[in-house]
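When a ligand or atom number is given, it counts from 1 through the structure's own listing order.
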Amino acid sequence: MEFLELVKNRYSVRAYKSIPIEDDKLKYILEAARLAPTGANRQSFQLIVIHTADRGDELRLIYDKPWFVQAPVIICACATTIEGRPFREGGNYRDVAIVMDHLILAATNLGLGTCWIGAFDPTTARDILGLPEEARPIVFATIGYSNDQPGPKKRKPIKELIRYEHW
Ligand SMILES: Cc1cc2nc3c(=O)[nH]c(=O)nc-3n(C[C@H](O)[C@H](O)[C@H](O)COP(=O)(O)O)c2cc1C
């Protein structure tokens with residue numbers, strides 16, 4: 001897909017068909033995430049791939065929306081520390097955001113729907129997914145075939161968002 005078309009085509013999908021994601025598509029998406037740039041090439045993140053089949057009741061404790069577990073796959077993106085080094089709040093979070101944007105746009109390119117989820121319960125996520133202390137869940141994303149419709153893209157006009165040096 002032409003890149004700007006791809007960006008325009010992505011929208012938050014909050015209803016999914018009960019169709020699994022093909023393995024090769026999932027691999028493509030994860031490869032796009034792997035290739036994302038990170039500060040100093042730290043790559044200190046882990047993506048947890050969660051298949052939702054038969055786990056709906058449990059997974060909804062993490063984020064209580066029916067569509068969260070309607071999606072066949074959920075990704076939990078964690079920031080991790082590099083052994084022996086302190087956690088880098090800003091740096092680690094930026095890295096995870098870039099990785100997830102790669103993942104989400106790659107999914108869009110394959111005709112899959114996604115939704116970022118930041119309003120999840122981190123303590124429950126940690127318990128259910130058995131995350132170790134050094135991994136911080138930052139954001140989730142649902143992935144699956146959309147059963148939703150895009151709404152209007154409500155964005156500020158470019159002149160409110162972009163400045164050329166003089167504030
Ligand atoms: C970091 C981040 C966190 C988000 N968290 C949630 C969420 O917890 N629940 C939800 O329904 N949508 C969530 N969204 C989706 C936004 O609401 C959505 O991207 C925004 O309203 C623009 O709509 P669009 O994605 O359809 O273009 C999140 C988006 C981002 C980027």
Protein neighbours of ligand 1 with a heavy atom under 4.0 Å, given by chain and number, are R10, Y11, S12, R14, Y63, W67, C115, W116, I117, G118, A119, K153, R155
Is M100 close to I75 at the side-chain level, that is, under 4.5 Å between some pair of heavy atoms?
-> yes
Mutual orientation of the aromatic rings belonging to W67 and Y16 [parallel < 30°, tilted 30-60°, perpendicular > 60°] | tilted
Out of curiosity, T38 OG1 to I98 CD1, how far, rounded to the nearest 0.5 Å?
-> 8.0 Å
How long is the gap from CZ on F68 to CZ on F120, to the nearest 0.5 Å?
-> 9.0 Å
Identify, with sequence neighbours excluded, every residue that meets side chain to side chain contact (heavy atoms under 4.5 Å, CB included) alongside R126.
-> L131, R136, P137
Crowded around Q46 CD? As in, over 12 foreign heavy atoms under 6.0 Å?
-> no
